[in-house]
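Proteins come first, then strands; the chains are lettered A, B, ... in the order of their sequence lines, and each starts at number 1. Keep in mind it's a predicted model, so treat the numbers as computed, not measured.
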Protein chains: 2
Amino acid sequence: MQELTNVPLDAETKVAERPGDHESELRLWLRLLTCTTLIEGEVRRRLRQEFDVTLPRFDLMAQLDKAPGGMTLGELSQRMMVSNGNVTGLSERLVALGLLDRRQSRSDRRAQLVSLTPEGRRVFRAMARAHEGWIAEIFSQLSPADVDALMRLLARTKASARDAITTEAPR
Amino acid sequence: MQELTNVPLDAETKVAERPGDHESELRLWLRLLTCTTLIEGEVRRRLRQEFDVTLPRFDLMAQLDKAPGGMTLGELSQRMMVSNGNVTGLSERLVALGLLDRRQSRSDRRAQLVSLTPEGRRVFRAMARAHEGWIAEIFSQLSPADVDALMRLLARTKASARDAITTEAPR
DNA sequence: CCTATAAATTTGAACCTTAAAATGAATTCC
DNA sequence: GGAATTCATTTTAAGGTTCAAATTTATAGG
């Protein structure tokens, strides 16, 4: 995190950087980010206040709730769009709380399968019910047509982003 | 983080929790979150790869770039929508790198004013130029009309969220 | 078989983040 | 003008997060 002094000038000129009027896209990105941060913060606050649970733990349990048979850590990290090491730590804490079960995959001894315990499922369902209400409340000023339009536009946005990411950056 | 066992049943029934068909709002929220996470991850990756800088540092510098005279830490934390302690630490590291100046406010000895050093401003401008290009690339499949529609709908979303947050939760 | 490569996780270091308590400075209000 | 309050920031403890390197297990090729 040093030597920021010599700025690379070789940055690929992908989208005509010179004329560079991409202000509207930039503003759109900032607004998108603001909305998400705002809502995420509120959800985090309520999860803590009403259920004494963190957002990442809730997110992890939400993924697992959709997979009755359990999931490998890798699959989890992919769906949650977070790093592997992250999921390792989160799972450990949830197992310690008795909300998650964890066992080695029978078919692949490298893989770890995690799933909700009955207790975990019970707790998650209760949180999810409240969560759905909060979200409805937060979006309550949008008409059904607004919601629909947003869904469509965000689908397009997601596709565009995915393309840009997979096309450009050879990770 | 324990005693999740006894689920509070007293959760305010704000938005008619019983009938409870808020599925479309929930899906919308998940999609919004996906888009943001996707884009944020890509921006973080490129900032690291091309400028060896973290996203939070970039964000902080971006705020400061808009305030030539500098800003107090409190103002920064408010605009960045992060906690106070967060800004304290971030600023310390950026000061150590010579990218930020920091001084006590003359009018209020409690307040700390931070601003970009000339070096910081130079570095930030270069990063911002590249950043703008990445964003344009990421949103490139959206038409100007799409961008416009999204801006409007997200403005409505932001307003709705703010209302829900300030009205309901007396923090 | 045996080696090379790939895949799933874990570990370690550094950093980011929050919430809550503590500190120090300004304001308010008798 | 002194006590109580409010405000800006820092500190602390606990977690969350990433990246990169290391570990362990699978798989493929010869």
Side-chain angles (χ1 to χ4, degrees), chain A residues 1-2 36-37 40-61 70-97 100 102-114 169 171, chain B residues 1-2 36-37 40-61 70-97 100 102-114 169 171:
Chain A
M1 187 62 61
Q2 64 289 86
T36 303
T37 305
E40 202 174 71
E42 179 65 5
V43 170
R44 172 180 287 114
R45 194 173 303 123
R46 298 207 190 186
L47 279 175
R48 172 178 299 272
Q49 284 188 355
E50 303 193 11
F51 296 98
D52 192 24
V53 77
T54 65
L55 182 54
R57 293 179 190 193
F58 176 78
D59 286 344
L60 192 154
M61 294 176 80
M71 232 183 216
T72 73
L73 291 183
E75 206 173 340
L76 255 183
S77 101
Q78 205 169 343
R79 298 213 189 183
M80 294 177 68
M81 301 198 273
V82 300
S83 65
N84 283 343
N86 192 343
V87 172
T88 298
L90 276 173
S91 303
E92 275 169 4
R93 287 167 223 130
L94 287 171
V95 167
L97 288 176
L100 247 62
R102 177 185 168 139
R103 59 198 183 285
Q104 212 169 39
S105 164
R106 216 183 310 282
S107 55
D108 186 340
R109 271 178 310 175
R110 291 171 303 180
Q112 302 290 322
L113 273 172
V114 288
R171 260 183 321 294
Chain B
M1 186 62 65
Q2 64 288 85
T36 302
T37 305
E40 200 174 74
E42 179 66 6
V43 169
R44 172 181 286 115
R45 195 173 300 122
R46 296 207 192 188
L47 279 175
R48 175 179 297 273
Q49 284 188 355
E50 302 193 12
F51 296 99
D52 193 21
V53 77
T54 65
L55 182 52
R57 293 179 192 193
F58 176 78
D59 286 343
L60 193 154
M61 294 176 79
M71 231 182 218
T72 73
L73 292 184
E75 205 173 342
L76 254 183
S77 102
Q78 204 169 345
R79 298 213 189 185
M80 294 176 69
M81 298 198 274
V82 299
S83 65
N84 283 345
N86 192 342
V87 171
T88 299
L90 276 173
S91 303
E92 276 169 2
R93 287 167 223 131
L94 287 170
V95 167
L97 288 176
L100 249 61
R102 178 185 168 139
R103 59 196 184 286
Q104 211 170 40
S105 164
R106 214 182 311 281
S107 54
D108 186 341
R109 270 179 308 174
R110 293 171 304 180
Q112 301 290 321
L113 273 171
V114 289
R171 262 185 318 295

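A straight line from CG of B:D52 to C1' of C:dC15 spans 13 Å, rounded to a whole angstrom. Rounded to whole Å, atom C1' of D:dG15 lies 18 Å from atom CZ of A:F58. Rounded to a whole Å, the CZ atom of A:R46 is 18 Å from the P atom of C:dT18. Atom CG in A:L60 sits roughly 16 Å away from atom P in D:dG15 (whole-Å rounding). Going from atom CG of A:L73 over to atom C1' of C:dT11 covers 14 Å, rounded to whole Å. Atom CD in A:E92 sits roughly 12 Å away from atom P in D:dG15 (whole-Å rounding). Here D:dT18 presents its P atom at 15 Å from CD of B:Q49, a figure rounded to the nearest Å. Separating the CZ atom of A:R57 from the C1' atom of D:dT17 is a distance of 14 Å, rounded to the nearest angstrom.
The side-chain contact (heavy atoms from CB on, under 4.5 Å) test applied to B:V43 returns B:I39, B:L47, B:L55, B:H131, B:I135, not counting sequence neighbours. For the side-chain hydrogen bond (donor to acceptor under 3.5 Å, both in side chains) test, no residue two or more places apart in sequence or in another chain qualifies with B:T72. By the side-chain contact (heavy atoms from CB on, under 4.5 Å) test, B:R103 pairs with B:L113, B:S115, sequence neighbours left out. With sequence neighbours left out, the side-chain contact (heavy atoms from CB on, under 4.5 Å) criterion links B:D108 to B:S105, B:R110, B:A111. With sequence neighbours left out, the side-chain contact (heavy atoms from CB on, under 4.5 Å) criterion links B:E92 to B:T88.
As judged by a 4.0 angstrom heavy-atom cut-off over every strand, B:S105 is placed among residues making no nucleic acid contact.
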Which atom pairs link the protein and nucleotides 19-25 of chain D when you take only N or O atoms and keep those under 3.5 Å?
none

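Residues B:P56 and A:V87 each lie close to DNA chain C; by heavy-atom proximity, the contact nearer the 5' end of the strand is made by A:V87. Comparing B:M80 and A:L113 by the nucleotide of DNA chain C whose heavy atom lies nearest to each, the residue mapping closer to the 5' end is A:L113. Nearer to the 5' terminus of DNA chain D, by closest-nucleotide assignment, is the contact made by A:V82 (compared with the other of A:V82 and A:R106).
Of all heavy-atom pairs spanning B:P56 and B:M80, the tightest one is O-CE, 3.9 Å.
Within 6.0 Å of atom CD in B:Q78, 12 or fewer heavy atoms from other residues, nucleotides or ligands are found, so the atom counts as exposed in its surroundings.
Comparing C:dC15, C:dT9, D:dT9 by their nearest atom to the side chain of B:T72 picks out D:dT9.
Between A:T88 and C:dT9, a side-chain N or O to OP1/OP2 separation shorter than 4.0 Å is absent.
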